[in-house]
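Only one structure is covered here, and it is reproduced in the block below.
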Protein chains: 2
Amino acid sequence: MSANTDQEAALRIASGRKPFVEPLRLGERLKEIRLANQWTLEDVSQRTGLARSTLSKIENDQISPTFTAVQKLIGGLGIDLPQLLSPPKPQSRTFGRRDLTRTGEGQQHPTPTYEHELLSWQLAQKRMIPFKTIVRARSFEEFSEWVRHDGEEFLIVLEGTIRLYTEFYEPLELERGDSIYFDSDMGHALVSTSDHDAVVLSVCTRGDAS
Amino acid sequence: MSANTDQEAALRIASGRKPFVEPLRLGERLKEIRLANQWTLEDVSQRTGLARSTLSKIENDQISPTFTAVQKLIGGLGIDLPQLLSPPKPQSRTFGRRDLTRTGEGQQHPTPTYEHELLSWQLAQKRMIPFKTIVRARSFEEFSEWVRHDGEEFLIVLEGTIRLYTEFYEPLELERGDSIYFDSDMGHALVSTSDHDAVVLSVCTRGDAS
DNA sequence: AAAATTAATTTCCTATAGTGAACCGACATG
DNA sequence: CATGTCGGTTCACTATAGGAAATTAATTTT
């Protein structure tokens with residue numbers, strides 16, 4: 001009866017997947033905030049304009065609130081989203097999260113020029129995004145635009161050799177084992193200079209605020 | 001026809017409340033992100049598991065996505081909530097940093113059990129610390145204490161096979177190509193289970209305090 | 001202890017989010 | 001120009017979130 005957790009769990013089991021600490025317990029957190037302020041469901045209902053029953057169901061993970069409902073919550077309770085989402089009790093941690101990804105079991109994201117495989121994708125709230133990329137492109141001309149995203153990126157060549165183009169600099173030839181660290185809001189692009197496709201591992205930082 | 005603004009406004013007036021929450025146009029922002037990456041609705045559908053039609057309606061503020069839908073969005077697009085909610089960023093820097101490290105040219109830090117090679121060590125002010133480690137240890141007994149440090153760690157096996165011990169969990173056997181992401185304040189330790197030394201690549205987050 | 005009070009849950013119904021399929025331009029290609 | 005096909009919107013339908021009221025659980029009152 002829990003909102004979407006069952007089917008997801010089923011999926012996870014079906015696909016032989018493991019641990020995963022993921023879905024941030026929004027309901028739990030809401031209840032925590034409510035109790036901390038000694039509010040009753042009725043109080044919160046007054047403040048947010050949501051029905052008591054609805055609030056109860058949200059707290060018990062029986063429904064997944066619509067985004068407008070979430071907005072009413074944060075508006076009515078005078079909190080902000082990160083507060084509502086941040087997992088309860090960040091300080092006194094008595095456990096740790098971990099998420100294993102076996103070779104080839106990442107989340108695949110194919111594009112014409114690259115083939116990305118997102119690693120550790122089952123773990124939410126990460127500060128880094130790791131992924132493997134198969135580099136198909138063979139010439140710079142295949143790109144219409146620079147790749148560009150906030151933050152920093154670390155990259156190491158796992159297979160083959162590549163040429164890394166970056167804005168403001170000369171292209172670099174990277175061989176297997178070579179690595180590079182750069183500001184990823186600087187335009188960049190990769191091509192394989194091997195006869196076969198090259199494989200690189202990247203780790204990006206993720207914009208914070210939480 | 002707009003997803004929630006009308007009723008919310010009415011409510012606010014009726015209850016004499018002040019508008020805390022900016023009426024953040026989630027749909028608009030989503031479309032922005034989608035176009036910035038040159039994704040079609042179909043692409044996003046693939047990544048998130050949401051229907052094309054649903055995405056279209058979200059973008060046009062015809063529906064208010066359920067929170068599980070929002071989670072699928074941020075999961076599938078590899079972004080986080082603040083990013084999805086905050087309006088576009090001022091951008092365009094006029095330079096960028098980069099630091100190349102050729103194979104074996106990192107800064108060496110030998111210890112009895114591990115041999116660390118710090119990568120991109122010439123670049124200061126990084127948000128991530130990448131390094132290669134040659135794992136010499138062959139049994140858990142060689143450790144007197146858990147390794148433990150603030151933040152998060154991503155690790156992938158480059159050569160050989162290892163066993164990863166972590167607090168709170170069972171040990172894991174990792175083969176070449178397998179990777180794992182974990183909270184590094186949770187105690188952890190590595191041993192090689194190959195006949196030769198194993199090599200792993202790690203990336204740690206850096207505490208913003210230091 | 002029964003009755004009254006208060007807070008959370010559950011029920012049952014309605015409103016709406018989510019889906020697949022059909023539908024529309026806008027561009028190709030023959 | 002017919003004929004694809006590609007990206008997006010709309011439609012008809014199903015699944016589920018949200019609300020009003022009944023139910024349950026726990027306290028307090030008399």
Side-chain angles (χ1 to χ4, degrees), chain A residues 1-11 23 25-77 84 109-112 144, chain B residues 1-12 14-15 24-77 84:
Chain A
M1 217 60 80
S2 61
N4 97 321
T5 329
D6 288 348
Q7 40 178 316
E8 280 195 315
L11 244 163
R25 285 265 169 241
L26 187 115
E28 193 179 318
R29 179 83 186 107
L30 172 60
K31 186 163 194 174
E32 217 174 75
I33 293 175
R34 182 172 65 82
L35 294 181
N37 290 74
Q38 308 206 149
W39 285 330
T40 129
L41 284 184
E42 180 57 32
D43 294 335
V44 177
S45 172
Q46 299 283 357
R47 284 165 184 265
T48 59
L50 292 166
R52 281 207 317 285
S53 54
T54 306
L55 294 168
S56 167
K57 289 179 212 165
I58 295 176
E59 286 192 351
N60 295 306
D61 288 315
Q62 287 172 12
I63 61 175
S64 165
T66 194
F67 194 74
T68 70
V70 173
Q71 289 192 94
K72 287 181 186 171
L73 275 175
I74 62 184
L77 303 185
L84 183 59
H109 292 295
T111 78
S144 46
Chain B
M1 223 49 48
S2 63
N4 72 324
T5 331
D6 291 346
Q7 39 180 316
E8 272 199 321
L11 232 162
R12 220 177 298 129
S15 65
L24 25 85
R25 295 266 71 134
L26 186 119
E28 194 178 317
R29 178 78 187 113
L30 173 60
K31 185 164 194 172
E32 225 171 67
I33 293 174
R34 181 171 66 82
L35 294 181
N37 289 77
Q38 307 201 154
W39 287 330
T40 88
L41 285 184
E42 181 57 31
D43 293 335
V44 177
S45 172
Q46 299 282 359
R47 283 165 184 262
T48 59
L50 293 165
R52 269 203 338 278
S53 54
T54 305
L55 294 168
S56 169
K57 288 182 208 165
I58 294 176
E59 286 192 352
N60 296 309
D61 289 315
Q62 288 171 11
I63 62 175
S64 165
T66 199
F67 193 73
T68 67
V70 173
Q71 288 193 91
K72 287 182 186 170
L73 275 176
I74 62 184
L77 302 186
L84 181 59

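Computation of the quantities below employed the complete heavy-atom set of this structure, encompassing side-chain atoms and omitting hydrogens, waters and symmetry-equivalent molecules. Within every chain, numbering begins at 1; the chains are lettered A, B, ... in the order of the sequence lines, protein sequences first and strands thereafter.
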Side-chain N,O ([X]) to OP1/OP2 ([N]) below 4.0 Å:
| X | N | answer |
| --- | --- | --- |
| A/Arg34 | C/dA8 | yes |
| B/Ser53 | C/dT19 | no |
| B/Gln62 | D/dT10 | yes |
| A/Thr40 | C/dA7 | no |

May I have the distance from [X] (atom [atom1]) to [N] (atom [atom2]), rounded to whole angstrom?
| X | N | atom1 | atom2 | result |
| --- | --- | --- | --- | --- |
| B/Arg52 | D/dT10 | CZ | P | 14 Å |
| A/Asp61 | C/dT10 | CG | P | 13 Å |
| A/Leu73 | D/dA17 | CG | C1' | 13 Å |
| B/Lys57 | D/dA15 | NZ | C1' | 13 Å |
| A/Ile63 | C/dG18 | CD1 | C1' | 16 Å |
| A/Glu42 | C/dA7 | CD | P | 8 Å |
| B/Asn60 | D/dT9 | CG | P | 5 Å |
| A/Ile58 | C/dA8 | CD1 | P | 14 Å |

Task: A/Leu41 side-chain proximity, nearest of D/dT9, C/dG18, C/dA8 - done: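 It is C/dA8.
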
- [ ] Using a 4.0 Å heavy-atom cut-off across all strands, classify B/Leu50 as base, sugar-phosphate, or nothing.
- [x]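 Sugar-phosphate contact only.
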
Open item on the list: Over all strands shown, is A/Thr66 touching base, sugar-phosphate only, or nothing at heavy-atom distances under 4.0 angstrom?
Closed with: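 Contact class for A/Thr66: sugar-phosphate only.
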
TODO: With rounding to the nearest 0.5 Å, note down the distance linking CZ in A/Phe67 to CG in B/Leu26.
DONE: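 Reported to 0.5 Å precision, the distance equals 5.0 Å.
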
Task: Distance, nearest 0.5 Å, that separates CD1 of B/Ile63 from CD1 of B/Ile58 - done: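 It is 4.5 Å, given to the nearest 0.5 Å.
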
Task: Pair A/Lys31 + A/Glu28: basic N to acidic O under 4.0 Å - done: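 Salt bridge flag = no for A/Glu28 with A/Lys31.
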
